[in-house]
**Q** 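Handing you this structure, nothing more for now.
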Amino acid sequence: MDQIISLTRNSDFRRAYARGRSYVSPVVVVYVLKNRQKLLRVGITTSKKTGNAVQRSRSRRVIREAYRQLAGRVRPGYDLVLVARGRTCHVKSTEVQKHMEKQLKAAGLLMEKTDSTIDGK
């Protein structure tokens, strides 16, 4: 698996919002923007509309776990911004993973499963 770097700068998030392509579902929004590096950069964000601090933290944890399951199959060379929605804190990471998988397939970023991912190794 290639190296994954976290997006931390506000300018990186704003660039993804302005120039990136968005894929929306009821539990998560994915912004995809091609970067000039061969690295996969990922940022997770929640707004105060999502709920209080406990709900926002749970939303981030659920999204992080759902992404972790798919990380080995995502093509490098892109910036991904994963945005929590109001329902995110009320669902399990497996449901978020299903939505995220559909979104990443629609974006053309998800590679097919290999034998090692099927065996669980």
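Keep in mind it's a predicted model, so treat the numbers as computed, not measured. Residue numbers start at 1 and run along the sequence shown.
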**Q** Rounded to the nearest 0.5 Å, how far does CZ of Arg15 lie from CG of Asn35?
**A** 9.5 Å
**Q** Would you say Tyr17 ends up clustered with Val29 if hydrophobic residues are merged whenever their side chains have heavy atoms under 4.5 Å apart, either directly or through other cluster members?
**A** yes
**Q** Please round to the nearest 0.5 Å and tell me the distance separating atom CZ of Arg73 and atom CD of Glu101.
**A** 4.5 Å
**Q** Do the side chain of Ser6 and the main chain of Thr8 share a donor and acceptor less than 3.5 angstrom apart?
**A** no
**Q** Quick check: does any side chain N or O of Arg56 sit under 3.5 Å from a backbone N or O of Gly51, one acting as donor and the other as acceptor?
**A** yes
**Q** Taking Gln103 for the side chain and Val28 for the main chain, is one N or O donor matched with an acceptor at less than 3.5 Å?
**A** yes
**Q** Taking atom CG of Leu82 and atom OH of Tyr23, what is their separation to the nearest 0.5 Å?
**A** 13.5 Å
**Q** Applying side chain to side chain contact (heavy atoms under 4.5 Å, CB included) to Val74 and Leu110, what does each step give before you reach the verdict?
**A** CA-CA 5 Å; Val74 179; Leu110 208 56; 4.0 Å; yes
**Q** Ignoring hydrogens, what is the shortest heavy-atom contact between Ala66 and Val96? Give both atom names and the distance.
**A** CB-CG1, 3.8 Å
**Q** Test side chain to side chain contact (heavy atoms under 4.5 Å, CB included) on Arg64 and Arg61; report intermediate values, then the result.
**A** CA-CA 5 Å; Arg64 192 178 306 118; Arg61 284 195 312 270; 4.0 Å; yes
**Q** Are Val83 and Val27 co-members of a hydrophobic cluster defined by side-chain heavy atoms under 4.5 Å apart?
**A** no
**Q** In terms of hydrophobic clustering (I, L, V, M, F, W, Y; side-chain heavy atoms under 4.5 Å; direct or indirect links), are Tyr31 and Val24 co-clustered?
**A** yes
**Q** Work out which heavy atom in His99 is nearest to a heavy atom in Pro26; give both atom names and the distance.
**A** CE1-CD, 3.9 Å
**Q** Could you give the distance from NZ (Lys102) to OG (Ser25), rounded to the nearest 0.5 Å?
**A** 9.0 Å
**Q** Between Ala84 and Thr50, what is the shortest heavy-atom contact and its length?
**A** O-OG1, 4.2 Å
**Q** Just how far is it from atom CG of Leu33 to atom OG of Ser22, taken to the nearest 0.5 Å?
**A** 12.0 Å
**Q** So Glu95 and Arg87, side chain to side chain contact (heavy atoms under 4.5 Å, CB included) or not? Walk me through it.
**A** CA-CA 11 Å; Glu95 185 175 341; Arg87 289 182 43 195; 3.6 Å; yes
**Q** Going by an N to O cut-off under 4.0 Å, is there a salt bridge joining Arg68 and Glu65?
**A** yes
**Q** Taking the side chain as every heavy atom from C-beta outward, state whether Val42 and Leu7 have any pair of such atoms under 4.5 Å apart.
**A** no
**Q** Before giving the answer on side chain to side chain contact (heavy atoms under 4.5 Å, CB included), spell out for Leu104 and Leu70 the whole-Å C-alpha distance, their side-chain angles and the decisive distance to 0.1 Å.
**A** CA-CA 9 Å; Leu104 293 174; Leu70 297 171; 4.3 Å; yes
**Q** Using the rule that two of Ile, Leu, Val, Met, Phe, Trp, Tyr join whenever any of their side-chain heavy atoms come within less than 4.5 Å, decide whether Val62 and Tyr67 are in one cluster.
**A** yes
**Q** What is the distance from atom CD1 of Ile5 to atom CG of Leu39, rounded to the nearest 0.5 Å?
**A** 4.5 Å
**Q** Which atom pair, heavy atoms only, marks the closest approach of His90 to Gly86?
**A** CD2-O, 3.6 Å
**Q** Using side-chain heavy atoms (C-beta onward) and a distance below 4.5 Å, is Met100 in contact with Ile63?
**A** yes
